[in-house]
Enquirer: 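I have a structure here, written as structure tokens, and I will follow up with some questions on it.
Just so we're clear, the structure is a prediction, and the values are computed from it rather than from any experiment. The analysis underlying the following values was restricted to heavy atoms, covering all of them including side chains, and did not include hydrogens, waters or symmetry mates. Each ligand, and each atom within it, is numbered from 1 in the order the structure gives.
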Amino acid sequence: MILSDTRILEEIAKETIVLKPYDRNCLGSNSYDVHLGKWLATYKEHILDAKKHNEIEYFEIPDDGFVLYPHIFYLGVTLEYTETHAHVPFLEGKSSTGRLGIDIHATAGKGDVGFCGHWTLEISVKQPVKVYKGMPVGQLIYFPVEGTIEVAYNQKANAKYSGQPDRPIESMMWKNKF
Ligand SMILES: O=c1ccn([C@H]2C[C@H](O)[C@@H](COP(=O)(O)OP(=O)(O)OP(=O)(O)O)O2)c(=O)[nH]1
């Protein structure tokens with residue numbers, strides 16, 4: 001099951017779903033549209049190492065847009081700060097971004113019950129495309145949870161991405177023991 005528009009509104013009223021900024025026009029029949037924040041980032045090194053802390057550098061999308069290229073992997077961020085306390089949030093692309101050849105996440109669209117923060121986007125493109133800060137870029141959908149949550153994401157001591165700020169956050173894979 002996926003929450004409908006009226007169910008999302010009920011959860012917003014109860015503050016079990018928080019979306020900041022919030023605009024009623026961004027609510028679809030069973031999703032909420034999120035937008036591209038102004039910060040992008042790329043990894044400093046060409047060759048990444050999954051065991052190491054790969055650092056990124058940030059840059060701001062100018063007012064007249066920024067061209068993304070297929071051979072470069074970008075991290076982006078949602079304009080929206082979100083909290084989801086009782087449902088599993090999923091970040092999906094939008095058909096309109098997909099039709100421009102823009103992917104906004106790489107393998108992981110799922111969020112966790114208790115995730116609070118801006119969403120980091122893992123952006124790749126099929127052909128050069130100019131993007132703009134504030135453009136609609138994705139949508140959040142919400143799934144009910146079966147069973148009780150023992151530890152919500154915002155209460156987990158080892159949660160890597162809790163409280164993500166309004167800038168993209170690089171992979172913290174290096175914190176895993178393997
Ligand atoms: O594209 C995404 C997908 C998820 N998240 C956020 C929401 C999610 O609740 C959190 C953690 O995601 P996930 O559990 O997939 O990451 P992990 O690598 O397993 O980290 P952890 O060990 O902290 O769970 O990151 C994003 O910012 N961007």
Enquirer: Measure the spacing between OG of Ser31 and CD1 of Ile8 and express it to the nearest 0.5 Å.
Expert: 6.5 Å
Enquirer: Give the residues near ligand 1 by chain and number, with the criterion being a heavy-atom distance under 4.0 Å.
Expert: His105, Ala108, Lys110, Gly111, Asp112, Phe115, Trp119, Thr120, Glu122, Tyr153, Ala159, Lys160, Tyr161, Gln164
Enquirer: Does a side chain donor of either Glu15 or His85 reach within less than 3.5 Å of an acceptor in the other side chain?
Expert: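 Distance-only check fails for Glu15 and His85.
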Enquirer: Will you find, in the side chains of Asn176 and Lys160, an N or O donor that is under 3.5 Å from an N or O acceptor?
Expert: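 There is such a pair between these side chains.
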Enquirer: So, for Gly114 and Ala152, which heavy atoms are closest and what is the spacing to 0.1 Å?
Expert: CA-CB, 4.1 Å
Enquirer: Between Glu11 and Arg7, does any side-chain N to carboxylate O distance fall below 4.0 Å?
Expert: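 Answer for the salt bridge query: yes.
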Enquirer: Measure from the ring center of Tyr161 to the ring center of Tyr153 and say whether it is less than 6.0 Å.
Expert: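 Not under 6.0 Å, so no.
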